[in-house]
Structure formats: C-alpha cells, structure tokens
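Read through the structure below, which is laid out as structure tokens, and then see the notes.
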Amino acid sequence: YMGDGPEQVKQYVSQFHPDIMGLTGSLEQVHTFVKAMKAYFSPAPAGATDYIIDHVTMIYIMDREGQFAAYADSSHNDEQLADAICDNMIDVRPKGMLSRFVTNVFGEAGSDAKSN
C-alpha cells in the first residue's frame, strides 16, 4: 500500500474496462475493505518508489444486492467461470450456458474449439 490517491487509481484502472472501479483510502480503510472482500495485500517497502504489491487475483461475483456471493480465480476455466456467474444469477441464464453458446455458434465440432 503506497497511498495512491484518486487520480493515480483512476489512471491505473483506465487501462482496463471502462466499468472497472478503483478504490483508495487510508491504510485503515483499505485494510477494512480488503478484509471484507476476503482478500489480502502486502505493502511495498518503506521509501520504495518502484514497487510491486502482492495481492489476490480473483474475480469477485456479487449478488444483485451487492453482497459477496462467490469468487473465481486462475484455477477456474471458462465454463466454470460462466457457471459461477450463472449460479448467482439464476434468473438470467442456467448452468452450462457457455457450452451451449459455443455449440450454437460452432456446432458439435465447436466443443473442441473452446478453451479450457
């Protein structure tokens, strides 16, 4: 944690999707948020100007009320990620949506084309 302000965080997240939201605050506020998200981070060494922050690399799946529902990480393949999202949005799509989509687009042979 280096105490990046709103402008630094805005510049950083602008490299990704425009709907990604960056958060910052005091060390205490960041710690509270990280704990609520079941995550972790380790601060940069004191006085460092060029640093890497160790942190989780999860995708958080939130329910429609904004509550933490599940997560996905690099151990999830595309089908598992789609199913985890669908499990928490059952009114939108049932499980197996990605496989059905690939089959609809590419036919039965398309099941070999999708990534795992």
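Because the structure is predicted, anything quoted here is derived from the model rather than measured. Atom set for the values below is all heavy atoms of this structure, side chains included, hydrogens, waters and symmetry mates excluded.
- Rounded to the nearest 0.5 angstrom, Asp83 CG and Glu79 CD are separated by 5.0 Å.
- By the side chain to side chain donor-acceptor pair (under 3.5 Å) test, Gln80 pairs with no residue at all, sequence neighbours left out.
- Remark: Gln15 CD is packed, more than 12 non-hydrogen atoms of other residues, nucleotides or ligands lying under 6.0 Å away.
- The backbone N or O of Gln8 lies less than 3.5 Å from no partner atom in the side chain of Gln11, so there is not a single donor-acceptor pair.
- Looking at residues two or more places apart in sequence or on another chain, you find a side chain to side chain donor-acceptor pair (under 3.5 Å) between Ser75 and Asp73.
- Remark: Tyr60 engages Met37, Ala39, Val56, Met58, Met62, Phe68 in a side chain to side chain contact (heavy atoms under 4.5 Å, CB included) (not counting sequence neighbours).
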Verdict with supporting geometry, Tyr71 and Ile59, side chain to side chain contact (heavy atoms under 4.5 Å, CB included): CA-CA 6 Å; Tyr71 75 93; Ile59 296 171; over 6 Å; no
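- Qualifying side chain to side chain contact (heavy atoms under 4.5 Å, CB included) partners for Asp19, counting only residues two or more places apart in sequence or in other chains: His17.
- Listed here is the closest heavy atom pair of Gly22 and Val13: CA-CG1, 3.9 Å.
- What you find for Ala70 and Asn88 is that their closest heavy atoms are CB-ND2, 3.8 Å.
- To the nearest 0.5 Å, atoms CD1 (Ile61) and CG (Leu81) are separated by 6.0 Å.
- Between the NE2 atom in His76 and the CD1 atom in Ile85 there is a gap of 10.0 Å [rounded to 0.5 Å].
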